[in-house]
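Please read the structure below before turning to the comments.
Just so we're on the same page: letters track the sequence lines, and every chain starts at 1. No hydrogens, no waters, no symmetry mates; every other heavy atom, side chains included, goes into these values. These numbers were taken from a predicted model, which means no experiment stands behind them.
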Protein chains: 2
Amino acid sequence: MSSETPAADRTPGSGRTADDGAARQPGMADVARLAGVSAQTVSRTLAGHPNVQHATRAKVLAAVEELGYRKNNAARVLSSGRSRTIGVVTLRTTFYSRANLLFGIEAAAREAGYAVSTAATASLDTAAIEGALSRLAEQDVEGVVLSVPLVHVSPRIERLTRSVPTVTVDGSRTPATEVVAVDQTLAARLATRHLIELGHETVWHVSGPPEWLDAASRCAGWRDTLEEAGLSVPPVLEGDWTPASGYRNGLVLAKIPDVTAVFVASDEMAFGVIRALHEAGRRVPRDISVVGVDDIALAEYCSPSLTTVAQPFAEMGALAVAHLLRHIADPGAAPEPASVEPVLVVRASTAAVGGGPEARRS
Amino acid sequence: MSSETPAADRTPGSGRTADDGAARQPGMADVARLAGVSAQTVSRTLAGHPNVQHATRAKVLAAVEELGYRKNNAARVLSSGRSRTIGVVTLRTTFYSRANLLFGIEAAAREAGYAVSTAATASLDTAAIEGALSRLAEQDVEGVVLSVPLVHVSPRIERLTRSVPTVTVDGSRTPATEVVAVDQTLAARLATRHLIELGHETVWHVSGPPEWLDAASRCAGWRDTLEEAGLSVPPVLEGDWTPASGYRNGLVLAKIPDVTAVFVASDEMAFGVIRALHEAGRRVPRDISVVGVDDIALAEYCSPSLTTVAQPFAEMGALAVAHLLRHIADPGAAPEPASVEPVLVVRASTAAVGGGPEARRS
DNA sequence: GCAGAGGATGTTATCGATGCCAATGGGTCG
DNA sequence: CGACCCATTGGCATCGATAACATCCTCTGC
């Protein structure tokens, strides 16, 4: 970085050579010259400013085309103070839901003329998230979507979110942050109620890691629904979102004769659960009904196809971006949490209790 | 965009107000003043330049900390001509493989001190890709990873890749582009050979859309392997990567009595195929063996667990980024294709022909 | 037919950090 | 003991585009 000045024929900036072969990228000034107007007019034309004559605009555009001119974003940002970029902090995992959300956000951002810069973190650990947030902040993003289910908000994160408009997706809110979330409590209620209505005496639950806010909400929704129905609440089996953890918990469930219905906090874990149940000789849904959450593409194609609660990811992304942009435009506006509703998708992994002729009872 | 000048009390740049409440972001000059050094020294300190005395460095860092100073990226980019950002063009689909690759790239880029800007495209259609590429180019990215399996390269894409260093992942190469790819032909060979070795008379194939280069390569690898083994090559069944398309093709396969082995071009489609076979009363792997590609997390947890060909996504991402950075550093270097090797993972969806006592023959 | 309004353009200052070069000062080598 | 070198640090110009302000010009309306 310091020892790179072989010859001394370089112009200060860009590291481009004075005037040897490689044609330098044309600048606005070049376009202006070619079009016979001022740089300012070029700028106005390209910004879609109204007060430019058709003829002039045409000349400018022609020049742009001819030179293959391309705006220099850095200069634009520096000068205008607006980067038209938002950052997204996301998890490096491939858990379906988060990855999908990213695309929802990207689409909505583009729609609004914003670019998206991604910072993935491998863990939920505070330092990692701080790092990601801070990398983004240094990139002049105008705002950040924290697509990370953080429950604990460190002071440093709090400080960062205070200097950069932030929207949290499915996470805790900081004083300066808006939250957009799928109503996970409702998701759990839908699933649990569905099972209760099928006549199950109670519903077991395989949860996500408790540090994840959505996992916690689903767990709460499940518990509340059972209690409201006056049913007993079995102990929670804890998973980590992976199919493997579902499998482990499924083996446990298979050993408990009482179990007739399970609400699993994600489809991927549900696959694991079902697998384990099958191996243990319990039929789904005849012996045990299973409901997942997410509605991943494969949910419909496993056997049995999975009853699950679908989450509107694209909508979420759009909502998050909309909130963020509003917040950027008017930093004064009071944060206003928003949530979107999940939808129960009934397939073949759930059935009335005792599916067969003989009713299974505790 | 044009009608936004309600009051006229704004300083030219940053849209920050002259001197009302809101403290403006501190600049390098502020830090320099507080630390009692020149702005230049601050710059050097922050850039990790070697020739700065410890005492000075400490003073500067203290001042930075106190003011909560944050480098202005736009200015740095404008001045240095280096954005330290690479762009990734990816597909908006949630097909496991691509999403995963994105994270691999992000991780490798971060490792190298680069930020990542994402542009997702909804389709493979040339215009969409051009758009994504061009959005990225306008963001001053130093290079682009085209994580899109394009087969056809339009002149405009070609022009763009000429002005921005580009690495294509699993795609066609343009004259100015490097290609990094998983050896999909090998993936197909591994899968096909595995099935042949199990004694199957031939292997059927459910492919991805032929416009996808990786789909085409897998198909070619499969065909070649069969031919080399002197086996007959059945017609190709074409899918579109979705589980649904796998299901449709599975229904077809189930009607053909000859079929004992199927190589499916993706795990997600394989799930669909297996589902259809089950519904049609064909057992996997007893009646029909199935191999997928990707090794998604769920592959191990469906029933039967899926034999598949794993792709080293993280490695791919790292390789792509490494190539890209090399290409950025030395634009003259000749493009040099690279590929990484997939690995066969044998699970329970494949078995020796006629799994049971009675051997099945054509 | 002339003044004023407003549209279309040009001019200039500026955003914030960096690269080059000069200047300073302590030490080394002959 | 003097010339020279290297380590540190400051000064200045500069990257490319935009906001604000100044101009110039061409229409209206009276």
Side-chain angles (χ1 to χ4, degrees), chain A residues 1-5 7-16 18 24-33 35-57 59-60 64 69-84 138 140, chain B residues 1-2 4-5 7-18 24-33 35-57 59-60 64 69-84 138 140:
Chain A
M1 200 175 262
S2 54
S3 60
E4 49 142 1
T5 316
D9 61 347
R10 331 168 58 193
T11 326
S14 327
R16 30 150 129 118
R24 49 172 282 222
Q25 285 284 71
M28 202 169 250
D30 302 301
V31 176
R33 202 172 313 121
V37 299
S38 80
Q40 186 54 219
T41 302
V42 175
S43 169
R44 271 191 284 253
T45 304
L46 267 41
H49 201 92
N51 291 349
V52 179
Q53 238 170 2
H54 277 295
T56 332
R57 162 168 292 137
K59 271 192 301 187
V60 171
V64 165
Y69 169 74
R70 202 155 276 291
K71 271 191 272 201
N72 178 317
N73 190 49
R76 187 232 297 269
V77 172
L78 178 58
S79 163
S80 70
R82 313 213 48 190
S83 66
R84 296 246 140 212
E138 262 167 32
D140 291 340
Chain B
M1 201 174 261
S2 54
E4 50 143 359
T5 315
D9 61 346
R10 333 170 57 194
T11 327
S14 325
R16 33 153 124 109
T17 49
R24 49 174 281 218
Q25 285 284 74
M28 203 168 250
D30 302 301
V31 176
R33 204 172 310 122
V37 298
S38 79
Q40 186 54 223
T41 301
V42 176
S43 169
R44 272 191 284 253
T45 304
L46 268 41
H49 201 93
N51 293 347
V52 179
Q53 241 168 8
H54 277 294
T56 324
R57 162 168 292 137
K59 273 192 302 188
V60 171
V64 166
Y69 169 73
R70 202 156 275 294
K71 271 192 272 201
N72 179 318
N73 190 49
R76 185 231 298 267
V77 172
L78 177 57
S79 163
S80 70
R82 311 214 50 191
S83 65
R84 296 247 138 209
E138 262 165 32
D140 293 338

Review point. Would one find a side-chain N or O of Ser43(B) under 4.0 angstrom from OP1 or OP2 of dT18(C)?
Key: yes
Check your understanding: Looking at Tyr69(B), does any N or O in its side chain come under 4.0 Å of the phosphate oxygens OP1/OP2 on dG16(C)?
Key ->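 For dG16(C), neither OP1 nor OP2 has a side-chain N or O of Tyr69(B) closer than 4.0 Å.
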What integer distance in Å separates [X]:[atom1] from [N]:[atom2]?
{"X": "Arg84(A)", "N": "dA17(D)", "atom1": "CZ", "atom2": "C1'", "answer": "15 Å"}
{"X": "Arg82(B)", "N": "dC15(D)", "atom1": "CZ", "atom2": "C1'", "answer": "15 Å"}
{"X": "His49(B)", "N": "dT18(C)", "atom1": "NE2", "atom2": "C1'", "answer": "12 Å"}
{"X": "His54(B)", "N": "dT8(D)", "atom1": "NE2", "atom2": "C1'", "answer": "13 Å"}
{"X": "Met28(A)", "N": "dT14(C)", "atom1": "CE", "atom2": "C1'", "answer": "16 Å"}
{"X": "Lys71(A)", "N": "dC15(D)", "atom1": "NZ", "atom2": "C1'", "answer": "18 Å"}
{"X": "Asp30(A)", "N": "dA17(D)", "atom1": "CG", "atom2": "C1'", "answer": "13 Å"}
{"X": "Arg76(A)", "N": "dT18(D)", "atom1": "CZ", "atom2": "P", "answer": "6 Å"}

Review point. Of all residues at least two apart in sequence or in a different chain, which pass the side chain to side chain donor-acceptor pair (under 3.5 Å) check with Arg33(B)?
Key: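 So Arg33(B) forms a side chain to side chain donor-acceptor pair (under 3.5 Å) with Asp30(B).
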Heavy-atom side-chain contact between [X] and [Y] under 4.5 Å:
{"X": "Tyr69(A)", "Y": "Gln25(A)", "value": "no"}
{"X": "Thr45(B)", "Y": "Thr56(B)", "value": "no"}
{"X": "Leu46(B)", "Y": "Lys71(B)", "value": "yes"}

Check your understanding: Leu78(A) side chain: which of dT18(D), dA17(C), dG16(C) is closest?
Key -> dG16(C)
Nearest-0.5 Å distance that lies between atom [atom1] in [X] and atom [atom2] in [Y]:
{"X": "Lys59(A)", "Y": "Gln53(A)", "atom1": "NZ", "atom2": "CD", "result": "9.0 Å"}
{"X": "Ser38(B)", "Y": "Arg44(B)", "atom1": "OG", "atom2": "CZ", "result": "6.5 Å"}
{"X": "His49(A)", "Y": "Gln40(A)", "atom1": "NE2", "atom2": "CD", "result": "9.0 Å"}
{"X": "Arg57(B)", "Y": "Thr41(B)", "atom1": "CZ", "atom2": "OG1", "result": "11.0 Å"}
{"X": "Asn73(B)", "Y": "Leu78(B)", "atom1": "CG", "atom2": "CG", "result": "11.0 Å"}

**Study point:** Under 4.0 Å protein heavy-atom contacts per nucleotide of nucleotides 6-11 of chain C, with B for base, S for backbone only and - for none
**Key:** --SBBB
Review point. To the nearest 10 degrees, how far apart in direction are the end axes of the helix from dG1(C)-dC30(D) to dG30(C)-dC1(D), each fit to five base pairs?
Key: 30°
